[in-house]
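Please read the structure below before turning to the comments.
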Protein chains: 2
Amino acid sequence: MKVDGARQLEEFRRYLSEHNLPATQQRLAVAEALFYAVDHLSAEDVAKQVAKKRRPVGTATVYRTLDLLVQSGLAREHDFGEGFKRYEPVAGGQAHEHCICSSCGRVMEFSNDRLERMIALLAEEVEFRPHHHRLEIYGLCRDCQQANPLARAR
Amino acid sequence: MKVDGARQLEEFRRYLSEHNLPATQQRLAVAEALFYAVDHLSAEDVAKQVAKKRRPVGTATVYRTLDLLVQSGLAREHDFGEGFKRYEPVAGGQAHEHCICSSCGRVMEFSNDRLERMIALLAEEVEFRPHHHRLEIYGLCRDCQQANPLARAR
DNA sequence: ATGGGTGCAAATCCTTTGCACTCGG
DNA sequence: CCGAGTGCAAAGGATTTGCACCCAT
């Protein structure tokens, strides 16, 4: 989901200083790569982006910084069943869900307030205090439906 | 979610013969372990159950059979962010969702037809042909809310 | 009989960790 | 300055794979 990269980077700086954590080149470079990404990036993707735009950063640092970003609430972690995780920037509070194409792997997003409210309500019905959630819909994207009209999504 | 183990095992047998796949001792033992489980089992849990009730089965076979079960639609795979996958039996078509306690790891289930319908509808709105989905709600279960009233779910 | 299944162990792949060195505040 | 952060490479843990042997059909 599109976010304002510059603004997000500023938020991250604030988070770091509030927590007495040094704002190192590496941390900022990793955060920047994620915040300006248009897609859901894997840790490796992030490392590549950083290497391209700035200066290579160690794998460990990439993972450590991604963890920080997740903890700060500025990023979200996903597992689309590919055997590794993907990350995406989060613009404060905008919940949204994902459709993952079983055929080509494309990920689409949508959001719907009524859905969000219903989810919160249903959780409370089982005496659960919801914090966040993740909805992934697997099936066929438009292109793959056309390419293979009879295909049954896996 | 509770399913009829014997019935499910029969379904698996049918699936195997329909696909010209041998119904080996190991496959049946793995399927049985999963179908009679009350919880969401990891591959290792499954192996342990099989070893206890029947005869030890190789790790590779456990994974291979779990894949078969998922492909046959008789089992479902989950990643609750623990670093490994969990599996649960699926009784034909009964969609249900999960609440995962961030504090103690307990998993609760619920289902709601209105939610299911809304999810299908929203996917179609973005020209996506949904096949199945996964909704995971993270937060605090009732016990953990009481044990730590001020805790903020992660 | 016989083609696929199984077990074992080695291989993979993503992610984490230990440690000496470097740097931001 | 100095404790936290970084890079490297080695470790870790779940899952997969290669291959000789075995068993349902």
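The basis for the numbers below is simple: all heavy atoms, side chains too, and nothing from hydrogens, waters or symmetry mates. We name chains A, B, ... by the order of the sequence lines, and we start the count at 1 in each one.
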When you look at A:His96 and A:Glu116, which way does the side-chain hydrogen bond (donor to acceptor under 3.5 Å, both in side chains) test go after all the steps?
CA-CA 9 Å; A:His96 65 267; A:Glu116 301 307 318; over 6 Å; no

Might you work through the salt bridge (Lys or Arg N to Asp or Glu O under 4.0 Å) test for B:Glu10 and B:Arg14, ending with a clear yes or no?
CA-CA 6 Å; B:Glu10 215 35 68; B:Arg14 190 175 319 147; 5.7 Å; no

Working for side chain to side chain contact (heavy atoms under 4.5 Å, CB included), residues B:Arg134 and B:His78:
CA-CA 8 Å; B:Arg134 190 197 316 285; B:His78 289 285; 3.9 Å; yes

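For A:Tyr63, counting side-chain heavy atoms from C-beta on, the closest listed nucleotide (C:dG5, C:dC8, C:dC14) is C:dC14. Comparing D:dT15, C:dG7, C:dT15 by their nearest atom to the side chain of A:Phe84 picks out C:dT15.
Mapping B:Glu44 and A:Pro22 onto DNA chain D via the closest heavy atom, the residue that lands nearer the 5' end is A:Pro22. Nearest-nucleotide positions on DNA chain D for A:Thr61 and A:Asn20 put A:Asn20 closer to the 5' end.
The distance between atom CG of B:Leu21 and atom P of D:dA24, rounded to the nearest whole Å, is 14 Å. As rounded to whole Å, 17 Å separates atom C1' of D:dT25 from atom NE2 of B:His19. A straight line from NE2 of B:His78 to P of D:dT15 spans 14 Å, rounded to a whole angstrom. For B:Lys85 and C:dC13, the NZ to C1' distance is 12 Å, given to the nearest whole Å. For the pair B:Arg27 CZ and D:dC23 P, the interatomic distance rounds to 15 Å; values are reported in whole Å. The distance between atom CZ of A:Arg55 and atom C1' of C:dT22, rounded to the nearest whole Å, is 14 Å. In this structure, A:Arg13 atom CZ and C:dG24 atom C1' are separated by 12 Å, rounded to whole Å. The CZ-C1' distance, from B:Arg54 to C:dT6, rounds to 18 Å in whole Å.
Results of the side chain to side chain contact (heavy atoms under 4.5 Å, CB included) test with A:Arg86 over A:Asp39, A:Leu41, A:Asp79, A:Asp45 single out A:Asp45 as the only residue that passes.
Note on B:Thr24: every side-chain N or O is 4.0 Å or more away from OP1 and OP2 of C:dG4. Checking the phosphate oxygens (OP1, OP2) of D:dG7, a side-chain nitrogen or oxygen of A:Gln26 falls inside 4.0 Å.
Here A:Arg64 lies in heavy-atom contact (under 4.0 Å) with a base. B:Gln25 comes within 4.0 angstrom of the backbone, heavy atoms only, and of no base.
Scanning all heavy atoms of the two residues, the minimum distance from A:Glu32 to A:Leu9 falls at N-CD1, 3.9 Å.
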